[in-house]
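See structure below.
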There are 2 protein chains.
Amino acid sequence: MKRTRQITIREIAAKAGVSIGTVDRVLHNRGRVSTETREKIEALVKKFGYKPNPLARHLKLKKEYHFFILSPYRDEDSGYWGMVFNGIQRAAEELSPFGIRISFKEFDRYSRDSFWNTARSISPDDCDGLLLAPIMPSEMIRWILELPPSIPYVFFDATLPETSPITEIGQDPYSGGFLAGKLLCLFALRERGTYCVIAPHSEDYHIKRRIEGFLAFWANREGYWPEVRTCADMDHRETREEFLNTLLKDIPDPKGIFVANASVHSVAETLNKGNLSHIPIIGYDLVPENERLLREGLIDVLISQRPAYQGYQAVYQLYRHVVLQQEIQKKIPVPIHLYFKENLLPESSPDLEYEETMFVFAD
Amino acid sequence: MKRTRQITIREIAAKAGVSIGTVDRVLHNRGRVSTETREKIEALVKKFGYKPNPLARHLKLKKEYHFFILSPYRDEDSGYWGMVFNGIQRAAEELSPFGIRISFKEFDRYSRDSFWNTARSISPDDCDGLLLAPIMPSEMIRWILELPPSIPYVFFDATLPETSPITEIGQDPYSGGFLAGKLLCLFALRERGTYCVIAPHSEDYHIKRRIEGFLAFWANREGYWPEVRTCADMDHRETREEFLNTLLKDIPDPKGIFVANASVHSVAETLNKGNLSHIPIIGYDLVPENERLLREGLIDVLISQRPAYQGYQAVYQLYRHVVLQQEIQKKIPVPIHLYFKENLLPESSPDLEYEETMFVFAD
DNA sequence: GAAAACCGCGTTAACGTTAACGCATTCTAT
DNA sequence: ATAGAATGCGTTAACGTTAACGCGGTTTTC
């Protein structure tokens, strides 16, 4: 398959026996072309697979592409969103020669008002693309549907039904939950008994899927009992401790605990206070607090969603779609990356760039 | 920090009171400029941080950038290199609008002649960048040193001393080995005894580091005995079986086995024939044969080096350096990605794009 | 029935960079 | 002394795309 040079607008014009102006008018639907000529040109464009040269186009247009990221405050979810921002920032820097500009729009993920105020502050006229996390699902969907359909958007972290993103970036939550089960079982040396999964109270679809994956691991295993508990509010010490007390009263000797999101550090800390730090515990996301407890041995495994990678990919794929008009994969998978105590960097590292510097070569 | 538009050559020229031609001559060291003028221009360039617009430059030059990948035959190392090629191919397609072209140069990794013939077939005049794997270290270094120093190159998979690559892409082998130890220990339910690591006979520095990491895990653990064995030739059944027979005579009841490269499938298969499939076994790389045995339960864990990702990154970073003249990180870390039987795709999938489609969302 | 609007198309000037070319001077060699 | 080379600079034509503009010719409007 010989790779041949891309055909130019000038060559199309020559073949059609018209000027480049006419071809351009066809290409951009600017009218003022006879049906006959239009069809001839359209046929040629198709036949030779004409694609406008993105460099020349950009040079001429000098267009700035303005992307917005709409996400929870960077310090919410134990700092998880801040880690996403780092990847976005890096992509923005790399792509700045191509006119990419990014604005960060943050809201309080527990306040509808905050969501709407922030969302509404994004002017559709000035927006060439959106990076979205599937937070506040019902509100988010409503907002997306009232947006001009010309605005492309990508989802990271997961996706939402009834929407048509350019691409979805995210990790398979089912596999993650399954793996959590498997690792928990190993850490408990395959002891029979009850294994708990603590679910935050959340409408998140992918947290549900993590739990399904976890349960799937235990299905058909004789003598093992998975137990799902939903905590109404992980963020406040009182509710959390009460929740855990009840849990431990019901199940005095859990063989392992899986916390299906980043708040695993609160669970581990509470457990530690009750001298129960021997119970294997697995959770999500290498946020600073979790990292500390992993290092101290109070958490056994963390599943990373590679937030910086996701942020980077979100920007890059949006750029590929909007600027280069290239075809984008409908789904960008994120590898399930496991952190144990032993594959953390030895020194306290700048957590900002943690994901980037995570693995070092020996010298 | 207000982001302001990049200054253009025309503006520099105006400020210096000369024509753009003169500025261009300074920028490209084409001479024919008085020292006085040159210095004035150089000062202005520095002051305003002038960077040539990569799009305009490319548009004018219509330059094709020709990169070469010099690697072992794509089916060597159980098909590992072929997986790298897939990532390279994808990057090449994405970057083709920017004039990136890639040629694959393959050699037999066990033949010096093959190496030299292939390496010598790359004409330095036609080469704008190289993708290299640190195979045949001493030869490779010699070849690199006799190359014109103007040719940039990146290493993937690992790196080599005495060279100055643009960047090094690779996984921390020490962490990988350490993790292999940890997981093996868990799979053996922490039973005391001897744990083996099988090392291929290889000059590869990063295989040595994997072993060091593995040994580091066992250090100071009472009652656990790590045992390193080097196999002269993993590729031939006879040598392999003799090697394993000797090993099992010396160590009749190993608690677990770590194979420090992709040939873990041969070990697992031989073990299976001897009815020893209960021994936990961990190895490297999700090549087709390994995938099959993982699926069948004859291998317990595979550490993936994400070859497609590495190939993709190698091309992309080279492009960023050569075409965009952007600053590149000196090291691109590759996450340690673990595959268990359970996080493989259920159906037989096209192994070509395995790494890309690995994780699926539920629908 | 004249003015205005419209149609279908070609021409052209950018966008920023590059390098060939041209044109005076000034220097070098015979 | 003078051809010829070298110096120091400005001018210009690309690269491919875009969109404003212009221009004859037809159709509509009042």
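To find a chain, count down the sequence lines: A is the first, B the second, and so on, and within it residues start at 1.
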Worksheet item: Within 45° of the six-membered ring axis of B:Tyr65 and under 6.0 Å from that ring's centre, is NZ or CZ of B:Lys63 located there?
Response: yes
Discussion item. Checking the side chain of B:His28 only, and the main-chain atoms of B:Asp24 only, is there a donor and an acceptor separated by less than 3.5 Å?
Written reply: yes
Item to complete: Can you pull out how bent the helix from C:dG1-D:dC30 to C:dT30-D:dA1 is, comparing the axes over its first five and last five pairs, to 10°?
Response: 40°
Worksheet entry | Atom-pair distance (CD on A:Glu39; P on C:dG8), nearest Å | 13 Å
Practice prompt. Answer yes or no: is there a donor N or O on one side and an acceptor on the other, between the side chain of B:Gln310 and the main chain of B:Asp157, under 3.5 Å?
Written response: yes
Discussion item. Strictly distance-based, threshold 3.5 Å: is any side-chain N or O of B:Tyr153 a donor or acceptor partner for the main-chain N or O of B:Ser164?
Written reply: yes
Worksheet item: Any side-chain donor paired with an acceptor under 3.5 Å for B:Tyr316 and B:Glu94?
Response: no
Discussion item. Output one letter per nucleotide in nucleotides 8-16 of chain D: B when a protein non-hydrogen atom lies under 4.0 Å from the base, S when only the sugar-phosphate is that close, - when neither is.
Written reply: BBBBB-BBB
Worksheet item: Can you tell me if B:Gln325 and B:Arg57 form a side-chain donor-acceptor pair at under 3.5 Å?
Response: yes
Item to complete: Kindly assign one of parallel, tilted or perpendicular to the pair A:Phe98 and A:Tyr319, based on the angle between their ring planes and the thresholds 30° and 60°.
Response: tilted
Discussion item. Quick check against the 3.5 Å criterion: does A:Asp128 have a side-chain atom that pairs as donor or acceptor with the backbone of A:His66?
Written reply: yes
Item to complete: Check every strand shown and say whether B:His58 touches a base, only sugar-phosphate, or nothing at a heavy-atom separation below 4.0 Å.
Response: nothing
Worksheet item: How close or far is atom C1' of C:dT17 from atom NZ of B:Lys63, stated in whole angstroms?
Response: 16 Å
